[in-house]
Protein chains: 2
Amino acid sequence: MQTEEDFRDFILNGHLHYIPNIAIDCAIFGYQKHQLRLLLIRHRNMNRWSLPGGHVKRTEKLEEAAYRNVKIRTGLKNLFLQQFKTFGGPDRMKFDRFDKKKWTEITGLPSWEGNWLMDQTVTVGFYAVTDFSETVLQSDISIGECAWHDLANLPPLEFDHEDIVRDALHAMRLHLYHYPIGLNLLPEKFTLSEIHALYETLLEKKLDISNFPKKLITLGLLKKLDEKRSIGAHRSPHLYSFDKVRYELALKEGLVLS
Amino acid sequence: MQTEEDFRDFILNGHLHYIPNIAIDCAIFGYQKHQLRLLLIRHRNMNRWSLPGGHVKRTEKLEEAAYRNVKIRTGLKNLFLQQFKTFGGPDRMKFDRFDKKKWTEITGLPSWEGNWLMDQTVTVGFYAVTDFSETVLQSDISIGECAWHDLANLPPLEFDHEDIVRDALHAMRLHLYHYPIGLNLLPEKFTLSEIHALYETLLEKKLDISNFPKKLITLGLLKKLDEKRSIGAHRSPHLYSFDKVRYELALKEGLVLS
């Protein structure tokens with residue numbers, strides 16, 4: 001949305017182009033060695049931070065809506081967005097904190113009673129993990145701010161977005177043993193110490209470095225290569241890579257284990 | 001729904017009590033040794049079979065809607081329904097095969113244009129696995145038939161329900177290594193041969209019986225007990241059980257592996 005007029009038209013007539021009662025929300029985790037962040041936006045006229053998200057056009061698939069919204073709201077492209085859970089229920093959104101005077105100012109309507117945006121909404125959750133150092137954030141007319149926040153120190157979030165983040169983390173951590181989520185976060189060939197740092201950070205827990213790769217190798221996700229990297233006198237650790245054949249199979253079949 | 005009048009009121013005024021544009025659908029798999037079935041229903045006035053499902057009341061959570069619909073439509077209670085994926089997109093439902101004359105007969109309306117039931121709908125998919133020998137099926141005024149079908153030999157399904165079944169299978173098979181889905185399908189203590197038959201059936205593939213339990217034990221799902229079952233002269237196989245502490249942890253934390 002570029003202008004105030006676009007924004008007003010979206011509020012008044014958006015249900016003609018978007019499916020009412022449905023939204024998508026995206027938990028985008030940012031990784032760098034030993035650091036895990038979450039991308040949050042703050043709408044104009046809203047006090048709390050929230051996940052980037054939006055509505056679904058009548059002509060698009062849920063995934064397409066997720067990619068479009070993330071790109072519009074954050075400038076991020078080429079993410080691997082994974083749908084993980086849908087959130088509904090009578091208590092998930094509270095509109096009573098909204099400013100009714102401001103609503104009338106923007107829309108010209110005496111109240112939001114009957115407006116499509118203010119009806120009960122079910123939201124489809126997606127997550128992605130990306131390298132936060134590579135991203136250039138941007139905002140638009142409906143977004144005041146867009147920023148990475150340390151996961152360990154999040155501000156209070158809008159609606160049920162804290163639940164969405166918690167469940168996105170759980171899903172990502174389950175998938176971490178099935179999909180090589182680290183594929184774009186590590187070099188093609190990496191040391192045990194690099195993948196160990198990644199897994200400890202994403203799981204937010206200490207992992208026994210001697211035991212940790214065995215599970216991933218048993219599960220078929222990780223391959224130990226017959227190659228070493230020289231990183232100094234007497235230091236040349238073995239290299240590993242993700243098993244991409246099994247990765248492709250997993251994406252196609254929904255299953256790595258077999 | 002008990003009467004024709006209820007049914008008509010649901011069509012005309014259901015959006016006051018149910019959230020428009022949202023539905024739930026349930027893939028309920030039935031297991032018995034070496035057999036895997038799927039529960040299907042056939043609505044009155046529809047030719048194709050479909051998954052049991054329905055709409056979400058404005059007062060209930062998605063999970064509550066799933067349990068309520070399954071109970072109403074099949075009589076099944078105490079299932080462990082697991083949400084796995086949400087389906088949307090402009091092509092997922094085709095209403096053009098419906099009988100417009102019958103619509104007018106039932107509703108008194110000249111067309112379904114603008115009716116809440118005929119607008120684009122996103123559906124939240126749930127799955128469950130149950131012992132099909134223990135279930136008593138029932139139908140109601142909107143359901144003509146309700147029956148178990150062999151998974152290997154399904155009839156053509158309504159809308160995108162074949163996609164929903166395929167993705168439900170994938171999700172169930174991924175979870176099979178994380179949640180003891182077999183908890184209610186096996187005795188509390190079982191032999192290797194019993195869990196092997198269950199896993200082979202649910203995964204629809206042959207598994208090396210000597211290698212198969214190692215993965216489940218490494219993953220922390222299965223415990224080998226210091227007990228045997230006597231099943232005849234010189235035949236007393238070891239017994240196993242699911243690790244329920246890790247199961248509870250998995251349900252709480254969304255993760256078995258650690």
Side-chain angles (χ1 to χ4, degrees), chain A residues 15 18-24 56-65 83-92 116 119-126 166-179 203 205-207 211 214-216 218-220 250 252-258, chain B residues 15 18-24 56-65 83-92 116 119-126 166-179 203 205-207 211 214-216 218-220 250 252-258:
Chain A
H15 60 289
Y18 297 87
I19 309 172
N21 307 90
I22 285 286
I24 59 96
V56 180
K57 286 186 184 170
R58 289 180 173 276
T59 51
E60 70 190 355
K61 295 181 184 169
L62 297 174
E63 286 67 24
E64 290 167 343
Q83 197 203 113
F84 68 95
K85 191 177 169 186
T86 295
F87 299 80
D91 302 321
R92 72 164 294 266
W116 74 287
D119 198 10
Q120 207 168 313
T121 298
V122 168
T123 195
V124 184
F126 291 81
R166 187 198 57 221
D167 289 354
L169 273 171
H170 287 162
M172 181 264 280
R173 287 167 180 170
L174 178 67
H175 293 164
L176 207 48
Y177 287 95
H178 295 276
Y179 305 119
L203 290 166
K205 70 197 303 178
K206 291 285 167 204
L207 296 169
N211 212 22
K214 281 184 204 155
K215 267 184 198 167
L216 291 175
T218 305
L219 290 163
K252 195 166 145 260
E253 308 257 314
L255 181 72
V256 166
L257 288 159
S258 60
Chain B
H15 59 290
Y18 297 86
I19 309 173
N21 306 90
I22 285 286
I24 59 97
V56 181
K57 286 185 185 171
R58 289 180 174 276
T59 51
E60 70 191 353
K61 295 180 183 169
L62 297 173
E63 286 66 25
E64 289 168 344
Q83 196 203 114
F84 67 96
K85 191 178 168 184
T86 295
F87 299 81
D91 303 322
R92 71 165 297 262
W116 74 286
D119 197 10
Q120 208 169 311
T121 298
V122 167
T123 195
V124 184
F126 290 81
R166 186 198 60 219
D167 290 353
L169 272 171
H170 287 162
M172 181 264 280
R173 285 166 182 171
L174 178 66
H175 294 164
L176 208 48
Y177 287 93
H178 294 275
Y179 306 119
L203 290 166
K205 70 197 302 177
K206 291 284 167 204
L207 297 170
N211 213 19
K214 281 183 206 156
K215 269 185 198 164
L216 291 175
T218 305
L219 289 164
K252 198 166 142 258
E253 309 256 315
L255 181 73
V256 166
L257 289 160
S258 61

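Throughout, protein chains are lettered first and strands after them, A, B, ... in sequence-line order, and every chain is numbered starting at 1.
When all heavy atoms are compared, the tightest approach of B:His15 to B:Pro20 is CB-CG, 4.1 Å. Summarising the geometry of A:Phe126 relative to A:Ile24, their closest heavy-atom pair is CE1-CG2, 4.0 Å, with the distance given to 0.1 Å. The minimum heavy-atom distance between A:Leu216 and A:Leu176, with the atom names listed, is CD2-O, 4.3 Å.
In this structure, B:Thr59 and B:Glu64 have side chains that are not in contact, with every pair of non-hydrogen atoms separated by 4.5 Å or more.
In terms of non-hydrogen atom pairs under 4.5 Å with chain A, the most contact-rich of B:Leu62, B:Val122, B:Thr86 is B:Thr86. For chain B, the option among A:Arg166, A:Lys214, A:Glu60 with the highest count of heavy-atom pairs below 4.5 Å is A:Glu60.
Residue A:Gln83 touches chain B through its side chain alone, counting heavy-atom pairs closer than 4.5 Å.
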